[in-house]
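Worksheet: the structure to be examined is printed underneath.
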Protein chains: 2
Amino acid sequence: MKEADEVRTLRAKLDLKGAHLTKQRAAVFAYLSAVDHHPTAEEVFLAVKRDVPKISLATVYKNLEALVACHAATKLNYGDAAARYDIRTSPHYHTRCLKCGRISDLDPVPENELTQLIKPPEGFAALDYRIEIAGYCKNCSDQKEE
Amino acid sequence: MKEADEVRTLRAKLDLKGAHLTKQRAAVFAYLSAVDHHPTAEEVFLAVKRDVPKISLATVYKNLEALVACHAATKLNYGDAAARYDIRTSPHYHTRCLKCGRISDLDPVPENELTQLIKPPEGFAALDYRIEIAGYCKNCSDQKEE
DNA sequence: ATTCTTGCAAAAGATTTGCAAACAA
DNA sequence: TTGTTTGCAAATCTTTTGCAAGAAT
C-alpha cells in the first residue's frame with residue numbers, strides 16, 4: 001500500500017469515530033508505521049518532535065489512544081512499566097528482550113492450531129490471545145546479565 | 001501440603017537469598033496462597049491489613065518483590081496498569097477479564113506442543129512463554145460493555 | 001551482634017485530565 | 001460554525017527509595 005492509501009485508510013477509520021486527522025496525529029501514525037519495533041509513548045514523542053517540534057507528550061498519548069480506539073493501532077501492555085504501541089491490528093505475537101526491552105514481532109502462528117491447543121475455561125468468552133516470548137534478543141544474548 | 005510444610009518451604013527459599021521470614025512477609029504469602037485469583041499489590045495490602053493493621057503499602061511491595069526474588073511467587077505484568085502477583089511459579093497461563101480485570105489460571109498447556117507451535121526467531125534466547133486470553137469471564141459475560 | 005525489614009514520607013515514572021486557544025470537518 | 005484537538009500545567013496512579021527504629025537470624 002502506498003503512503004497516500006495508508007492515509008486514506010487511516011482517515012476512514014478515524015471518521016467512523018468522528019475523529020479528525022491532524023498534523024500531530026498523522027505524524028504519530030507515520031512514525032509508528034515506519035519503525036520495525038514497538039515503541040513507548042516517550043519514544044514516539046521524541047521522534048515525532050523532530051517533525052512537529054511543539055508537540056507535547058500529552059498529545060502523543062491522546063493520539064496513540066485515538067489510534068487504538070479507531071483500530072489503527074494496538075496497545076501492548078505486556079511486560080514492563082511503559083506501554084508500547086503497535087501499528088499492526090491483526091492478531092500476531094511478540095518477543096520481548098529482558099535486557100534492552102525491545103518488543104518485536106514473532107513469526108505468525110496458525111490461528112486454528114493455537115485455539116485448539118490453548119482453550120479458555122467453560123463460560124469464558126475469549127476475544128484475544130496474547131502471547132509473548134521473553135528472553136534475550138540476538139544483540140543482547142552475548143552480554144546478558146547473570 | 002499442609003500449612004506448616006508450606007511455611008518451611010518458604011523459609012528455605014528465603015534462606016537461599018539471605019532473607020528473613022517476618023510476620024508481614026508471612027501474611028503476604030498466606031494471602032497470596034489463599035486466593036484463587038491473582039491480586040494487585042493494593043488488594044494484598046487491604047487484605048493483609050486485617051491481620052497486620054500497621055503494615056504499609058511499601059512493605060507489601062517489598063515483600064511481593066522478595067517473594068518473586070526467591071521464586072516463591074511470580075509477577076504478572078500482562079494487561080493493565082497495576083501488576084499482579086501469583087503464588088504459582090511453575091509455567092502456566094492466564095485469562096484476563098476485560099470488564100472486571102480478574103486474572104485467573106488457564107488449564108495447563110502441554111509444554112512441548114507449545115514450543116513446537118510457537119517458535120522464537122533465530123538467535124532469540126527464549127526463557128519464558130507468556131500467554132494470556134483476554135475476554136469476558138463467566139460473571140461478566142452477561143453485562144458486557146459495547 | 002549483624003543483617004535484614006519495617007513504616008513513613010518523599011520521589012519517581014507513566015499516564016490522564018481540565019481548560020482555553022487553535023484547528024479540522 | 002461546530003465539534004475535535006492541541007499544549008500546558010496540574011493531578012493521579014503505581015511503584016520505588018532513603019532512612020532511622022525494630023525484628024529476625
Side-chain angles (χ1 to χ4, degrees), chain A residues 7-8 10-30 38-46 48-49 51-70 72-85 101 103, chain B residues 7-8 10-30 38-46 48-49 51-70 72-85 101 103:
Chain A
V7 170
R8 215 168 300 130
L10 173 58
R11 191 182 286 274
K13 288 182 177 178
L14 289 168
D15 263 349
L16 291 174
K17 298 278 177 183
H20 297 176
L21 180 54
T22 64
K23 174 178 59 178
Q24 291 87 340
R25 190 159 290 170
V28 167
F29 180 80
H38 305 314
T40 60
E42 184 78 25
E43 278 176 74
V44 174
F45 172 60
L46 292 173
V48 164
K49 211 153 59 160
D51 293 311
V52 189
K54 295 200 60 183
I55 198 170
S56 75
L57 181 55
T59 297
V60 170
Y61 273 106
K62 287 170 187 167
N63 280 325
L64 288 168
E65 288 306 317
L67 293 176
V68 171
C70 78
T74 303
K75 186 175 186 175
L76 310 177
N77 284 88
Y78 321 66
D80 46 5
R84 287 161 180 280
Y85 293 85
I103 309 278
Chain B
V7 170
R8 214 169 300 130
L10 172 60
R11 191 182 287 273
K13 288 182 176 177
L14 288 168
D15 263 348
L16 290 174
K17 299 278 176 182
H20 297 176
L21 179 55
T22 64
K23 173 178 62 179
Q24 292 87 340
R25 191 159 290 171
V28 167
F29 179 80
H38 306 314
T40 61
E42 184 77 25
E43 279 177 72
V44 175
F45 172 60
L46 292 173
V48 165
K49 210 152 62 158
D51 293 312
V52 189
K54 295 200 60 184
I55 197 170
S56 75
L57 181 54
T59 297
V60 170
Y61 273 106
K62 287 170 187 167
N63 279 326
L64 288 168
E65 289 307 317
L67 293 177
V68 170
C70 79
T74 303
K75 185 176 187 175
L76 310 176
N77 283 89
Y78 322 66
D80 45 6
R84 287 161 181 280
Y85 293 85
I103 309 279

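As a basis for the values below, the full set of heavy atoms in this structure was taken, side chains included, without hydrogen atoms, waters or symmetry mates. Each chain gets a letter, A, B and so on, in the order its sequence line appears, and its residues count up from 1.
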What does the list of N/O pairs under 3.5 Å between the protein and nucleotides 21-25 of chain D look like, with a distance for each?
| unit_1 | atom_1 | unit_2 | atom_2 | d |
| --- | --- | --- | --- | --- |
| D:dT25 | OP1 | B:Arg11 | NH1 | 2.6 |
| D:dT25 | OP1 | B:Leu21 | N | 3.4 |

Find the distance between [atom1] ([X]) and [atom2] ([Y]) and round it off to the nearest 0.5 Å.
{"X": "A:Leu76", "Y": "A:Tyr85", "atom1": "CG", "atom2": "OH", "answer": "9.5 Å"}
{"X": "A:Arg11", "Y": "A:Leu21", "atom1": "CZ", "atom2": "CG", "answer": "4.5 Å"}
{"X": "B:Cys70", "Y": "B:Leu10", "atom1": "SG", "atom2": "CG", "answer": "6.0 Å"}

Listed nucleotide nearest any side-chain atom of B:Ala41, set D:dT15, C:dG7, D:dT6: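 In terms of side-chain proximity for B:Ala41, the closest of D:dT15, C:dG7, D:dT6 is D:dT15.
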
Shortest side-chain distance from A:Arg25, nucleotide among C:dT5, D:dT6, D:dT15: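 Of the options given, the side chain of A:Arg25 lies nearest D:dT6.
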
Spacing between [X] atom [atom1] and [N] atom [atom2], to the nearest angstrom:
{"X": "A:Leu10", "N": "C:dA24", "atom1": "CG", "atom2": "P", "value": "14 Å"}
{"X": "B:Ile55", "N": "C:dC8", "atom1": "CD1", "atom2": "P", "value": "11 Å"}
{"X": "B:Lys75", "N": "D:dT14", "atom1": "NZ", "atom2": "P", "value": "13 Å"}
{"X": "A:Leu46", "N": "C:dA14", "atom1": "CG", "atom2": "P", "value": "11 Å"}
{"X": "A:Phe29", "N": "D:dT5", "atom1": "CZ", "atom2": "P", "value": "16 Å"}
{"X": "A:Leu14", "N": "D:dG3", "atom1": "CG", "atom2": "P", "value": "19 Å"}
{"X": "B:Lys54", "N": "C:dC8", "atom1": "NZ", "atom2": "C1'", "value": "10 Å"}
{"X": "B:Glu43", "N": "D:dT15", "atom1": "CD", "atom2": "P", "value": "12 Å"}

Side-chain heavy-atom pair A:Leu57, A:Glu42 within 4.5 angstrom cut-off: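 In contact.
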
Side-chain heavy-atom pair A:Lys62, A:Arg25 within 4.5 angstrom cut-off: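 No, too far: nothing below the 4.5 Å cut-off.
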
Shortest non-hydrogen separation from A:Lys49 to A:Ile55 and the atoms involved: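 That would be CA-CG2, 4.2 Å.
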
Atom of B:Leu14, atom of B:His20 and distance for their closest heavy-atom approach: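 Closest approach of B:Leu14 to B:His20, heavy atoms only: CD1-O, 3.8 Å.
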
Side-chain N or O of A:Thr59 closer than 4.0 Å to phosphate OP1/OP2 of D:dG7: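 Affirmative; the distance criterion is met.
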
Contact nearer the 5' end of DNA chain D, comparing A:Asn63 with B:Tyr61: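 Closest to the 5' end, via its nearest nucleotide, is A:Asn63.
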
Presence of donor-acceptor pair under 3.5 Å, side chain of A:Lys62 and base of C:dG18: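 Check passes, donor-acceptor contact within cut-off.
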
Comparing B:Ser56 and B:Lys17 on DNA chain C - which has the more 5′ nearest nucleotide: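 It is B:Lys17 whose nearest nucleotide is closer to the 5' end.
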
Touch class at under 4.0 angstrom, heavy-atom based, for A:Gln24 against every strand present: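 Sugar-phosphate contact only.
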
